[in-house]
Amino acid sequence: MEYKQRTVTCGQLRKEDVGKTVVLNGWVHRTRNHGGIHFINLRDRYGITQVVISDTAKSEVIEIAASLHAEYCISIEGVVNARPDTMVNKEMVTGEIEVDVSSIEVLSVCDTVPFLVDEESDAKEETRLRYRYLDLRSFGMQKRIKLRHDFIRAIREFLSDRDFYEIETPTLIKSTPEGARDFLVPSRLYAGKFYALPQSPQLMKQILMVSGFDKYFQIARCYRDEDARGDRQLEFTQLDMELSFVKRDDVLLIIEELFHHVFKKVMNYETPEHFTRLSWHEAMNTYGVDKPDLRYDLPLLDFDELAHQSTFSTFKDVLGNGGCVKVIKAPHSDEVAFSRKYITSLEEAAKIYKAKGLAWAKVNDNGELEGGISKFLTEINDKVITYTQANPGDMLLFVADNWKTTCSSLGAVRVKIAKDLGLIDPSKFAFCWIIDFPLFEYNEDRGHWEAAHHMFSMPQTQYIDTLESNPGEVKGDLYDLVLNGYEVASGSIRIHDIELQKRVFRICNIPDEESQDRFGFLLNAFKYGPPPHGGIAPGIDRMVMIMAGETSIKEVIAFPKNTAAISPMDDSPSYVDSAQLDELHLIIKEDKK
RNA sequence: GAGGGUGUAGCGAAGCUGGUUAUCGCGACGGCCUGUCACGCCGUAGAUCGCGGGUUCGAGUCCCGUCACUCUCGCCA
């Protein structure tokens, strides 16, 4: 098709360009028809330029202008004019000029749009996903997709400059379920056999270490067949990294340096040289989660000792059963009244995490506790006030339960308070490391120990002799990177000793024959001089989401799936015809059709 | 597997304790308008109120079921 190709973009023209004859290609953003004069806001990736068709234009040009609608793709040619002073639009970077049109071509027309392409469309997510191609035209989406590009580019530059190689690993691999369900791909050539899509390049990158590629990274697509969430999709992208001859701190330091560089470059944001480190236990105990949002403090305080001195029997019963009591202080707020209704909403947040209730007491103007359970604290009023450093108008919230439930439920209360009282600084990026994770977790349902993280992580040396005798106590050489309350990376120093690896497998109820069958290729590789190594894998989607100030990773993925694992745009997953099934030696159960 | 929220015109929403003609904005269509920039003004069309059943003289509204979307718990190293 012959058409006039653009000589400039829609975000480019300035006052200096006045007098030039230009061609613009783009989409009709808005049209304003004043009878004798038409204005068109023409949009492309780079911006918006106002083009004008006056009544002195050729009649065919006026005719076409009158027929234009939103999102028609057009080409215009014209002369750049300065706008009269009173008509300058200071909101637009191109607002000092306009293009006086001498010819228009319609390159393609557009059906009535389901929603107007705008910076912040008010369309529901489902509608946006169904018409994703239109949604992606919005400046909001374009900005986020660019941010993602800039982020990945900065990572590649930084790591390449530090002698990392980017190496691709296969996405059709042996199924080695490690935790999540695998996506399986049936083999056509071998009836009954399947490839799996990788949950991560974990084993391949470890083998690359054996091969001597001592600094590796990959922008890797990973797949996990589990239910989606706001911050979780079936497929996602991670920066997969692995290094040889490193110890934990080497990995932490390079990540700190990497994100310092990237945040400076992409966001012009100065992250600290080193990130706060918290042990897993400390994080759980103080913030109630293993991914605390450190943009605000609001710590959980131990209340066991004072609970003993109280007259509240619930507290004493819980303590008697080996549980614990914790308290959090909600600071006085002008925005939110600590009404009965509000306290109930906090209690509901706590109950999601299995707390049986949420006790409370408010501090009155005389520094005395009142309401809620205050009558049981009368005798220790001053001790409680001093311990919690509570001020008039503050409210104390208590949970008494087993340690885990107390921490996680009060942790949820902490997050809700911070949100509701506006204690979160949205311009802040608070990184922290969580270290010293337990290596094993007991699975009650299956009746055996499992890797809390994954089975290739190194136990800390002081626990190696007592792995089998006391698995619950073993801390691993594991680390998570947390940003603003999201787990954004997870890694460990790996096991590179076959015997130690087999011991860990055995503790996880995988006997030698089975581990040889499932992970034999890794164990075999480890027979040939494996180097000590470790790595980490930051999640690209989540990090970009946080950098963009969004709460759903769908906002930073061009074509995401919805929470039902469906893509409303292409309607996947879909049925396939029987010939395809035959080739793959598959039969679908009748009742599933 | 479980819980909360939502479902009304192409899109986004209003619609109270059930009441007869279901409302508003955007968009679409027709007309007017030479300076707007979310242009403005006049007019028109467009809705099995997610679906199925029930209660009732009467259901968008109440009840039961079901489906879809969404957030969360479980799950996800």
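In what follows, every chain begins at residue 1, and chains take the letters A, B, ... in the order their sequences are listed. Heavy-atom basis, side chains included; hydrogens, waters and symmetry copies ignored. This structure is a prediction, so every number in the text was calculated from the model and none was measured.
Residue A:Arg30 is classed as a sugar-phosphate contact, given heavy-atom separations below 4.0 Å to backbone atoms only. Among the atoms of the strands shown, none is found under 4.0 Å from any heavy atom of A:Asp225. Contact annotation for A:Ala564: backbone-only contact, meaning every heavy-atom pair under 4.0 Å involves sugar-phosphate atoms and none involves a base. Among the heavy atoms of the strands, none lies under 4.0 Å from A:Phe456. No engagement by A:Lys351 is indicated, since no non-hydrogen atom pair under 4.0 Å with the nucleic acid exists. Within 4.0 Å (heavy atoms only), A:Ser457 reaches no atom of the nucleic acid at all. Contact annotation for A:Leu116: backbone-only contact, meaning every heavy-atom pair under 4.0 Å involves sugar-phosphate atoms and none involves a base.
Closest approach of A:Ile435 and A:Tyr479 over heavy atoms only: CG2-CB, 4.1 Å. For A:Tyr342 against A:Ile417, the heavy-atom pair with the smallest separation is OH-CA, 4.0 Å.
For A:Glu282, the side chain to side chain contact (heavy atoms under 4.5 Å, CB included) criterion is met by A:Leu278, A:Ser279, A:Thr286, not counting sequence neighbours.
For A:Arg224, no side-chain nitrogen or oxygen approaches OP1 or OP2 of B:rC75 to under 4.0 Å. Distances shorter than 4.0 Å separate none of the side-chain N or O atoms of A:His38 from OP1 or OP2 on B:rC33. Between A:Arg32 and the phosphate of B:rC39, there is a side-chain N or O to OP1/OP2 separation shorter than 4.0 Å.
Side-chain atoms of A:Ser175 and A:Asp182 include a donor-acceptor pair closer than 3.5 Å.
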Quiz item: Would A:Leu136 and A:Phe559 satisfy side chain to side chain contact (heavy atoms under 4.5 Å, CB included), going step by step from the backbone distance to the final call?
Solution: CA-CA 9 Å; A:Leu136 285 168; A:Phe559 302 104; 3.8 Å; yes
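Closest to the A:His69 side chain, of the nucleotides B:rC73, B:rA28, B:rC37, is B:rA28. Candidate nucleotides B:rC76, B:rC69, B:rG35 were compared by shortest atom distance to the side chain of A:Gln50, and B:rG35 ranks first. Taking only side-chain atoms of A:Tyr353, from C-beta outward, the nucleotide of B:rC73, B:rG35, B:rC75 with the closest atom is B:rC73. With B:rC69, B:rU34, B:rU70 as the choices, the nucleotide that has an atom nearest any side-chain atom of A:Glu126 turns out to be B:rC69.
Base pairing annotation: B:rU6 forms a Watson-Crick or G-U wobble pair with B:rA68, both donor-acceptor distances under 3.5 Å. Under the Watson-Crick and G-U wobble criteria, each requiring two contacts below 3.5 Å, nucleotide B:rC32 is paired to B:rG40.
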Quiz item: What string of B, S and - do you get for nucleotides 11-16 of chain B 5' to 3' if you count protein non-hydrogen atoms under 4.0 Å?
Solution: SSS---
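Ring orientation note: the planes of A:Trp449 and A:Phe440 are nearly perpendicular, at an angle over 60° on the 30°/60° scale. The aromatic rings of A:Trp280 and A:Phe437 sit tilted relative to each other, their planes meeting at an angle between 30° and 60°.
Below the 3.5 angstrom threshold, one finds a donor paired with an acceptor across the side chain of A:Asp227 and the base of B:rG74.
Only the C1' atoms considered, B:rG25 is 31 Å distant from B:rG58, to the nearest whole Å.
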